[in-house]
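Just below is one structure, and these are the notes that go with it.
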Amino acid sequence: MDLKRSIFITIIVAFLYSIVILIGKDTTQPLIILTSMIATTISVATPLTLGALCGTFCERSGVTNIGIEGMMLSAAFFGWLTSIYLNTIYHVTPLPSLLIGVFVAILTGGLLGLLHAWLSVTFKVDQIISGTVINILATGVTGFLNRQLFFEKGSIFGGNVPHAPGTLPIIAIPGLSQIPVFGKVFEQQPIAWTAIILVFVANFVLFRTRWGLRTRAVGEHPRAADTVGINVSFMRYINVIIGGCLAGLGGAYFTLESVPSFEPLMTNGRGFISLAAMIFGNWTPLGAWAAALVFGAAQAFQINLQFFRDLIPPQWAFLQQSYIVGLTPYILTMIILAGLIGRTTSPAADGTPYEK
Amino acid sequence: MDTVLEVKGITKKFPGVLANDHVDFNLRKGEIHALLGENGAGKSTLMNIIYGLTSPDDGEILINGKATHFHSPKDAIACGIGMVHQHFMLVPVFTVAENIMLGSEKLRNGVLDIVQVNKDLKELSTQYGLEIDPTSLVHDLPVGIQQRVEIIKALYRKAEILILDEPTAVLTPQEVEDLFIIIRKLVDQGISVIFITHKLKEVLSIADRITVMRGGKVIATDDPKQTNEQALASQMVGRTVILKVDKTPAKPGDVVLSVKDLHVQDDRKIETVRGVSFEVRKGEILGIAGVQGNGQTELAEAMTGLRHAISGEIRIQDQNVFNHPPRDLVEKGMGHIPEDRQKHGFVMQYPISDNLVLCSYYVSPFCRRGVLQNSAIGTNAENLIKRFDIRTPSPYVPTSKLSGGNQQKVIVARELSRNIKFLVANQPTRGLDVGSIEYIHHEIVQMRDEGIGVVLISAELDEIMALSDRIAVMYHGEIVAILPADKVTREELGLMMAGSLKPEVSTI
Ligand SMILES: Nc1ncnc2c1ncn2[C@@H]1O[C@H](COP(=O)(O)OP(=O)(O)OP(=O)(O)O)[C@@H](O)[C@H]1O
Ligand SMILES: [Mg+2]
């Protein structure tokens with residue numbers, strides 16, 4: 001991460017935070033607001049971080065993945081469906097239902113990764129088309145099943161949505177979470193914690209291990225990798241499947257960690273924002289995480305402004321039209337993708353099938 | 001002497017081409033075995049088969065007398081085979097150490113052990129006299145050093161058989177000498193080398209045995225002491241080749257191209273052309289000699305509209321064309337054979353027929369009322385393929401499928417067949433076989449005799465000496481002398497190119 005982008009990140013985050021603190025300071029202690037902002041930022045950055053890690057693994061091995069959105073949406077749906085099914089039909093207690101749900105979400109992402117690899121590595125389908133196929137498939141299938149299973153008379157759930165087994169419990173870090181006021185930052189749910197750990201794991205795998213070296217070689221110059229005996233297709237398959245699993249975990253965040261319900265199209269472009277985070281982070285896990293936190297801050301801004309909605313003084317009234325605020329992450333995406341904050345370079349063979 | 005490698009009856013068919021036709025070939029321990037052959041003779045294909053990159057349709061490979069079957073380069077590497085490819089196989093953004101260990105990584109507790117690799121590299125360096133900094137990034141290294149990395153890469157994998165596919169095509173004469181010293185050292189340590197090249201002088205000076213291929217078949221295996229350039233050339237091409245260019249004295253006419261006080265910067269904003277001036281007349285060949293990297297590339301690009309010059313003047317006859325776009329220059333009568341054929345010469349995925357009309361697709365007869373005339377484009381392609389002897393199964397195959405030398409011929413055919421006033425030829429025969437070189441040299445001289453002005457830029461002193469009527473020597477971005485070709489010796493030119501001889505006479 002170069003200086004220019006680090007400064008950009010700092011400025012944006014500081015700017016967003018100070019507006020919220022400024023607006024809320026008359027009614028609430030600034031430290032409480034700050035804590036709330038940080039905690040929300042970490043939480044909502046979770047799917048973006050995981051999505052960006054998915055993109056990093058795929059593209060580092062030379063496969064473009066614009067299907068992250070679809071992978072997340074499908075995983076969100078099937079993970080949620082599984083947990084409800086276990087909980088209401090088989091009367092499994094909430095926590096195991098949720099954990100098995102997370103597992104199914106990861107599996108769903110992995111299978112879609114397999115599909116993407118199969119189309120783009122084995123059949124050399126244009127990777128943008130293959131990713132689009134996954135997005136369309138995900139929208140269609142989840143929308144259709146959602147209606148058929150929950151809203152049609154005579155379906156399994158008899159036309160009414162059952163109560164979900166709730167969301168994953170908060171894990172507080174002992175010690176740190178006992179800090180007065182600020183300790184709230186260290187109370188997060190399991191997927192959020194896992195995502196942060198995975199950032200460091202991914203960074204280690206990509207830059208310190210044999211697997212990572214080979215993955216990067218295959219994404220930069222597949223023929224060179226081939227000539228030293230590395231199986232290019234195998235490397236790409238596994239990395240895209242790993243990516244799919246990560247996106248799947250990101251999908252689980254929406255229905256098993258954030259809210260206990262599913263809505264059609266609920267990922268709401270987060271998969272694409274993840275791609276922007278990956279690019280802004282220069283295809284490195286740490287960079288992608290930093291970028292995901294910027295987008296997270298933009299979203300936390302929106303959420304916390306709504307929290308203080310009734311307390312907003314008149315001169316800030318325009319912010320009440322929350323769609324302006326809601327646009328922040330998307331505007332940031334455009335600024336970043338337009339290359340205004342310095343260009344990054346993608347892996348040289350990204351998006352090109354390998355011809356022997 | 002033991003035979004370390006033997007191939008028997010290797011056959012490989014590509015769609016429409018029999019690239020290898022029952023090839024028998026063997027390599028003895030500690031020898032340098034040169035492989036010669038025309039462009040498209042099947043040399044690279046044979047080596048790719050030996051290295052496990054391509055699987056043969058038929059035939060067998062014996063390593064130290066044992067029949068082996070390679071599924072991938074991994075198997076070949078395990079049998080002690082290493083290969084330096086015609087186009088280097090290095091990851092540009094990786095360090096030297098990362099490139100070398102890729103595929104044979106050293107681990108410590110599951111983590112890449114860079115320290116150990118660096119230590120191993122130091123040992124290898126001293127053992128074979130190959131200096132290298134393991135931490136530098138490959139894309140920062142000049143080609144000569146990149147090649148060294150490739151050789152070390154093979155040695156690191158304990159290669160006992162080393163295949164070098166056209167290693168000298170991209171090297172400067174000094175780098176070639178260094179390479180030969182390295183190869184001799186390797187052979188002294190018991191490594192056996194297969195050496196592919198088109199340069200007959202090199203072959204005679206370094207090889208222990210020479211095998212010649214033509215049309216996918218092995219024609220002969222010779223002893224360099226009992227053959228000569230002429231005989232090898234005839235074996236390669238299948239007819240007598242005239243190695244000396246046959247030309248009458250030039251009859252220069254009016255000035256067709258003039259360059260005055262030209263200044264050009266390279267990509268790093270360093271001024272590499274510093275006040276160059278020269279004139280080219282109709283009916284003469286001006287050779288520009290110089291060690292690579294003395295500004296020739298930028299000079300050629302500025303002359304042909306591919307690079308913005310900072311200041312100066314370029315005129316075609318009497319029109320100022322300074323910093324004009326290439327299309328305008330082409331329409332005013334420029335022909336250009338670029339240095340990097342794959343980058344500036346043609347569109348890799350296009351069929352040969354389309355690449356042959358790349359400068360003229362929009363005018364009659366190739367285009368009428370905005371519609372391309374496929375029959376005219378096809379006929380043009382068939383004629384040129386025949387005239388320039390481009391080896392291809394059809395005019396409609398993607399140009400990327402041709403062998404390196406045949407790709408070059410596509411460009412030469414397109415440029416020389418157009419109605420041009422002057423030609424900028426930058427390394428026009430790089431990677432070509434002697435037969436094709438003979439033909440292209442003959443064509444260039446004929447163009448001259450028809451009244452075309454030629455600027456020839458070449459790193460091959462022989463080519464400059466053979467073709468030029470006048471020779472300009474470029475050194476550090478300046479032209480240090482322009483001399484009549486018959487008034488200067490090879491040695492003098494070499495010294496001037498190295499900047500160590502200041503010429504007393506300089507006629508402009
Ligand atoms: N992948 C491929 N697909 C189709 N044809 C091919 C392929 N590779 C090589 N050929 C054809 O096989 C023949 C032999 O090619 P090869 O590259 O072995 O020639 P070469 O002797 O190395 O020539 P050069 O000196 O020009 O490098 C050529 O006619 C070429 O067009
Ligand atoms: Mg070749």
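So you know, we letter chains A, B, ... as the sequences are listed, proteins then strands, and number each from 1. Worth knowing before you read on, the calculation uses all heavy atoms, side chains too, and leaves out hydrogens, waters and symmetry mates.
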Task: Options Leu90(B), Leu102(B), Val111(B), ranked by heavy-atom pairs under 4.5 Å with chain A, top entry - done: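 Highest number of pairs under 4.5 Å: Leu102(B).
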Open item on the list: Taking every non-hydrogen pair under 4.5 Å, which of Glu105(B), Met83(B), His71(B), His85(B) racks up the most with chain A?
Closed with: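 Top count of heavy-atom pairs under 4.5 Å with chain A: Glu105(B).
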Task: Distance-minimising heavy-atom pair for Gly110(B) and Thr209(A) - done: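 For Gly110(B) and Thr209(A), the tightest heavy-atom pair comes out as O-CG2, 4.0 Å.
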- [ ] For Gly229(A) and Ile77(B), work out which heavy atoms get closest and say how close.
- [x]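 In terms of heavy atoms, the two residues are closest at N-CD1, 4.5 Å.
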Look at atom [atom1] of [X] and say whether more than 12 heavy atoms of other residues, nucleotides or ligands are closer to it than 6.0 Å.
{"X": "Phe88(B)", "atom1": "CZ", "result": "yes"}
{"X": "His87(B)", "atom1": "NE2", "result": "yes"}
{"X": "Lys119(B)", "atom1": "NZ", "result": "no"}
{"X": "Phe103(A)", "atom1": "CZ", "result": "no"}
{"X": "Phe234(A)", "atom1": "CZ", "result": "no"}
{"X": "Lys13(B)", "atom1": "NZ", "result": "no"}

Open item on the list: Nearest 0.5 angstrom please: Met89(B) CE to Asp226(A) CG, how far?
Closed with: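 So the gap between those two atoms works out to 9.0 Å.
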TODO: Output the distance between atom OG1 (Thr227(A)) and atom NZ (Lys74(B)), rounded to the nearest 0.5 Å.
DONE: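 Separation between the atoms: 13.0 Å.
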Task: Interchain contact, Ile230(A) with chain B, by part (heavy-atom threshold 4.5 Å) - done: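 The answer is the side chain of Ile230(A).
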Open item on the list: Does any part of the side chain of Leu112(B), heavy atoms only, come nearer than 4.5 Å to the side chain of Phe207(A), both counted from C-beta?
Closed with: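 The answer is no, as the side chains (C-beta and beyond) never meet within the 4.5 Å cut-off.
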Task: Which atoms of Tyr51(B) approach chain A - backbone, side chain, both or neither, heavy atom under 4.5 Å - done: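 Answer is side chain: those atoms of Tyr51(B) sit under 4.5 Å from chain A.
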Open item on the list: Heavy-atom cut-off 4.5 Å, strictly under: side chain, backbone, both or neither for Lys153(B) against chain A?
Closed with: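 Side chain only.
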TODO: Given side-chain contact (heavy atoms from CB on, under 4.5 Å), test Arg157(B) with Val228(A) step by step and report yes or no.
DONE: CA-CA 10 Å; Arg157(B) 288 163 175 69; Val228(A) 291; 3.6 Å; yes
Open item on the list: As a test of understanding, state which of Glu220(A), Arg216(A), His221(A) forms a side chain to side chain contact (heavy atoms under 4.5 Å, CB included) with Val93(B).
Closed with: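 Of Glu220(A), Arg216(A), His221(A), side chain to side chain contact (heavy atoms under 4.5 Å, CB included) with Val93(B) is met by Glu220(A) alone.
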TODO: Look at the side chain of Arg214(A) and the backbone N and O of Gly103(B), then say whether any donor-acceptor pair between them is shorter than 3.5 Å.
DONE: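 Confirmed, Arg214(A) side chain pairs with Gly103(B) backbone.
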